[in-house]
Structure formats: C-alpha cells, structure tokens
Amino acid sequence: MSDQITQLCQDTEHVHSREELAEKLKLDRPLRIKLGVDPTAPDIHLGHAVQLRKLRQFQDLGHQIVLIIGDFTAMIGDPSGRSVTRPPLTHEEVMVNAKTFTDQAFLIIDKEKTEVVYNGDWFAKMPFQEVIKLNAKVTMQQMLQREDFKKRLADKQEVRLHEIQYPIMQGWDSVVVNSDVEIGGTDQLFNILVGRDLQKGEGMSPQVVLTLPLLEGLDGNKKMSKSLGNYVGLTEAPSEMFGKLMSISDELMPRYYSLVIGEDFDKDRHPMEAKKHLAQRTVEIYHDTEAATQARADFENKFGKGKVEDAELPEVPCPPAETQMLSYISQIYTDTFDQMRSNADIRRLVQQGSIQLNGEKQTDPKATLTLKLGDVLKLDKKRMVRIG
RNA sequence: GGGCAGGUACCGAAGCGGUCAAACGGGGCAGACUGUAAAUCUGCUGGCUCAGCCUUCAGAGGUUCGAAUCCUCUCCUGCCCA
C-alpha cells in the first residue's frame, strides 16, 4: 500500500496530503478520483495527457474515475493563469468540443471504467436562491486570495464578478460528485482547495488535493495550450507529432521525458538521439510502433542524412510550364496545408529565400516555375511537397 | 450619480494637424550558423494587379487643402468620491 502511495505521488507537484491519501486508501473501497475539464478547445494535447495518465494510474489500481465535463463552467471560462477575461463560448460549441475531448481522452483512460458527468446537469437547473446560498458559503476575502485576482487587482485590470464564481462552482462539483481525490494542474490548486472547504461545509470528508506539473509548450516557457499554438495534439499525424517534438529545446527534454513518456532521462546520451527517442516513443504511445518507426525514418530522410527523394511528402499536381510562382505557392498553402497566406506573406518568403526547388533558392517573386515530376519544393522550415 | 485618466497594428507602448501603414519592445516568420535544438547575427512582420494604389489608430459625425492627432456625440475600461 505504501507502494501505491509512492506510485500515485510520483511526478506530482503538490499533494495535500499523503496522510489523508493513506487514510482514504485504507477505506478499502475504490476511491472517487475527480478531474474536471472545460472543453473550451476541441483538441486535447500532451499537456492534458499528463493529468489523464495520472488518472490512468488510479484506474489501473482499481479506483473510480469521475470525469467532469464543465459544459456549464466552460461558458464562464476559468480565469486561472489568465490576465484577461476569457471570451465566453456558446453551449453548442462547448458540447461539440466535449465530444471530441472525451473521444480523445479515452485514448489514455479506460472508457468502460470512467464515469462521465456534465456539470450543466446541476448548475443549469440551479435556482437563483441556491446560487446565492452557495455564494454565502465563501467570503470575498477568500476569493481574493487567489493570485490571478490579486494580481489583476494590483495591476488595476478588470476582474468580472462571474470569474469569481468559477472557483466556487468547481468546488461545488466536488460536493456533487463526492470526490475523494481531485486531480488538476498546479494552476488548479486554489480551486481544488475551495472544493475541500465546500465539502467540509457539507459535513463530508474533504478531498485529497493532487496537482500535477504543467507541461511547458514547445516554446519552452509558457504552458502548453492550444491558444498559444505551442502544443502537440494527441491525434496529430505521426510525422507532425514527431517533427514538433524534435523542435523542443534540450533544456526541456528531461521534463518531457518524465511527463510525456514517463521515462528517466539519460543525460549522457547525445541530445539529438535522446530527442529522437522521445519523439518516437510519443508517437508510439498515441499511434503505434510502426507509425513511430516510419515517422522517424521520414524525419531523417527529410532533414537528416537520408535522402529527400525517399521521404514521404505530400504530392501536388504538376502545374503547366511557366507557372507564376506566387500564385502557385499560395495555392499549395491553401490546398495542401490548409493555411491562408496573403500574397505579401508569400512574397516575403520568396524574397527571403525560404522557397527552394530541389535545394535551390528561388528568390525572385516575379519568376515563373517550370516543374517536372519528382521535383521537391520546399516552402518553409517545416513544409515541403513533391510534384506528382 | 460626480470627478479624473484612458481606448493605437498579434500583445505592450510611442505619436498629439502634414515628412504616419504609424517609433520602440515582445511575439511571430524567414535567412546564416547548427543537431529543422538552444544561443547568436541579419532581414521581414496591414492588404493589393507592389517604384503605384487601397483599407486602418474604439464607433458615428464635424472642422481643415490635409486628422491617429482638433471639436461634438456615442460605446467601452480603470482610478478616486458617493
């Protein structure tokens, strides 16, 4: 049993407290482990995975996972770590996101053994009287303890009242689902503690707080998030996933080793090699071994010692001779990479030498291209296509 | 409700009648160097049919040959007072 505690507390940021957790485990029943998520964006990424992997651990030990979809709270927006008010989402948007979210979450946790609940089920029906009663359970001073609020207040930035409701609601979720343990990122500490207070207020045994480190994004300093664009999505294509992981800094690697693939980082290994292992291993987890091997081979062909000719590249149809370069490239961006680029943007890429045909820079924006089958056109750092 | 200070490009922030598509910083992108890493250096960073033109400085009007800059009204935010 102390084994269990050690395992569960591994790679956590904050546990309050081990003793309480031990007490709960002694109860000799499956514990109810709560994780609340606000489906504000559809895709989940490696940052979410850190928490889901922890849930999986609990699950494997026979505990009951309670996944709360914050369909109601998502419409408010968690102000955690934010310096500005988040724009609200409609309920339809939230529900669409929720579906994608759970589908992806079940790549990690076992669907059969997971209880999924929506907090709209209780909040949407709550009469205003009850809302007031709920609000009476906490003080303004308590809420203002929170770092985000304090800071915004100090910086003379607005704090809207609905934002102050957020921790209260998240806390109330704990009462409703009767959780024994709540898991969250470090930025959730405050909210989870509110849950403890509310549970105590209802005469319940307070939940154990277990927070996990926030995974830094690819840029290495901000936390991984969709809106910052520094994320790796769980369902991204193998080559995409591989490439993104290869772009992280060496400093970040040990972090990713423990939080993403759960391995020890061997600092004597060549960094390049270590990173390839990280990338390969990650692809393996979310796709399969074959895809991972393939992604690696492909990467090496494209950027390493291998041959570009052997790499798997998206193919684009061969244009007529003397094709206007700008419009042709613009078309590839939209058709093949689903990216809107203005002509000015593409002109810039051309002038700066980003566009390369079989390794040769094409720097004249007015030039025309005459391509033949098998030519490799490089658009920017990450994107190349083959004429097919 | 009263007083004051503000709302500028992705963000922060200059500009306060013409030389403003708008300084500077951050971010982003590209090039060089590399390990498609980091650091560093360089360039770019509203749009277009690109030596020219078009649309921007909260919104709507107005003054002026000319407005991000002046005036009026509206909307929004912060601070202080009630």
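Please read all numbers here as calculations on a predicted model, not as lab measurements. Here is the naming used below: chain letters follow the sequence lines, and residue numbers restart at 1 for every chain.
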Check your understanding: So what does A/Ile248 touch, heavy atoms closer than 4.0 Å: a base, only the sugar-phosphate, or nothing?
Key -> sugar-phosphate
Check your understanding: Who pairs with A/Phe101 by ring-ring contact (aromatic ring centres under 6.0 Å, His included), at least two apart in sequence or on another chain?
Key -> A/His48
Taking only nitrogen or oxygen atoms into account, show me every contact under 3.5 Å that the protein makes with nucleotides 76-80 of chain B, one pair per line with its distance.
from	atom 1	to	atom 2	distance (Å)
B/rU77	OP1	A/Arg160	NH2	3.1

Point to revise | Other ILVMFWY residues reachable from A/Leu214 by side-chain steps of under 4.5 Å | key: none
Review point. Among pairs that include at least one residue of residues 4-21 of chain A, which meet salt bridge (charged side-chain N to carboxylate O under 4.0 Å, His left out), considering only residues two or more places apart or in two chains?
Key: A/Glu20-A/Arg196
Exercise for review: Report yes if a donor N or O on one partner sits less than 3.5 Å from an acceptor N or O on the other, where the partners are the side chain of A/Asp219 and the base of B/rG27; otherwise report no.
Suggested key: no
Point to revise | Rounded distance in Å between the P positions of B/rU64 and B/rC16 | key: 23 Å
Point to revise | Stems formed with participation of RNA chain B [Watson-Crick or G-U wobble, under 3.5 Å, three or more pairs] | key: B:1-7 with B:75-81, B:10-12 with B:24-26, B:27-32 with B:40-45, B:46-48 with B:52-54, B:58-62 with B:70-74
Point to revise | Distance, P atom - from B/rU72 to B/rC4, rounded to whole angstrom | key: 13 Å
**Study point:** Euclidean distance for C1', B/rG6 against B/rA14 (whole angstrom)
**Key:** 15 Å
Exercise for review: Go along nucleotides 4-9 of chain B 5' to 3' and tag each nucleotide: B for a protein heavy atom under 4.0 Å from its base, S when only backbone or sugar atoms are that close, - otherwise.
Suggested key: ------
**Study point:** Euclidean distance for P, B/rG46 against B/rA21 (whole angstrom)
**Key:** 13 Å
Practice item. Any salt bridge (charged side-chain N to carboxylate O under 4.0 Å, His left out) involving residues 319-330 of chain A? Give me the pairs, sequence neighbours left out, ordered by first then second residue. Key: none
Under 3.5 Å, which N/O atoms of the protein pair with N/O atoms of nucleotides 43-48 of chain B?
from	atom 1	to	atom 2	distance (Å)
B/rG43	N2	A/Gln352	OE1	2.9
B/rG43	N2	A/Gln352	NE2	3.3
B/rG43	N3	A/Gln352	OE1	3.0
B/rC44	O4'	A/Gln352	OE1	3.2
B/rC44	O2'	A/Arg348	NE	3.1
B/rG47	OP1	A/Ser342	OG	2.9
B/rG47	OP2	A/Arg348	NH2	3.1
B/rC48	OP1	A/Asn343	N	3.0
B/rC48	OP2	A/Asn343	N	3.4
B/rC48	OP2	A/Ala344	N	2.9

Review point. Of all of residues 380-388 of chain A, which get a heavy atom below 4.0 angstrom from RNA chain B, listed by number?
Key: A/Asp380, A/Lys381
Point to revise | Separation of the C1' atoms in B/rA58 and B/rU69, to the nearest angstrom | key: 15 Å
Revision key, fill the gap. Besides A/Met325, the hydrophobic cluster formed by Ile, Leu, Val, Met, Phe, Trp and Tyr side chains linked at under 4.5 Å, directly or via other members, contains A/Val316, A/Leu326, A/Tyr328, A/Ile329, A/Ile332, A/Tyr333, A/Phe337, A/Ile346, A/Leu349, A/Val350, A/Ile355, A/Leu357, A/Leu369, A/Leu371, A/Leu377, A/Leu379, A/Val385, A/Ile387
Exercise for review: Go through the structure and list residues passing ring-ring contact (aromatic ring centres under 6.0 Å, His included) with A/Tyr256, not counting sequence neighbours.
Suggested key: none
Check your understanding: Considering only heavy atoms, which members of residues 319-329 of chain A lie under 4.0 Å from some atom of RNA chain B?
Key -> none
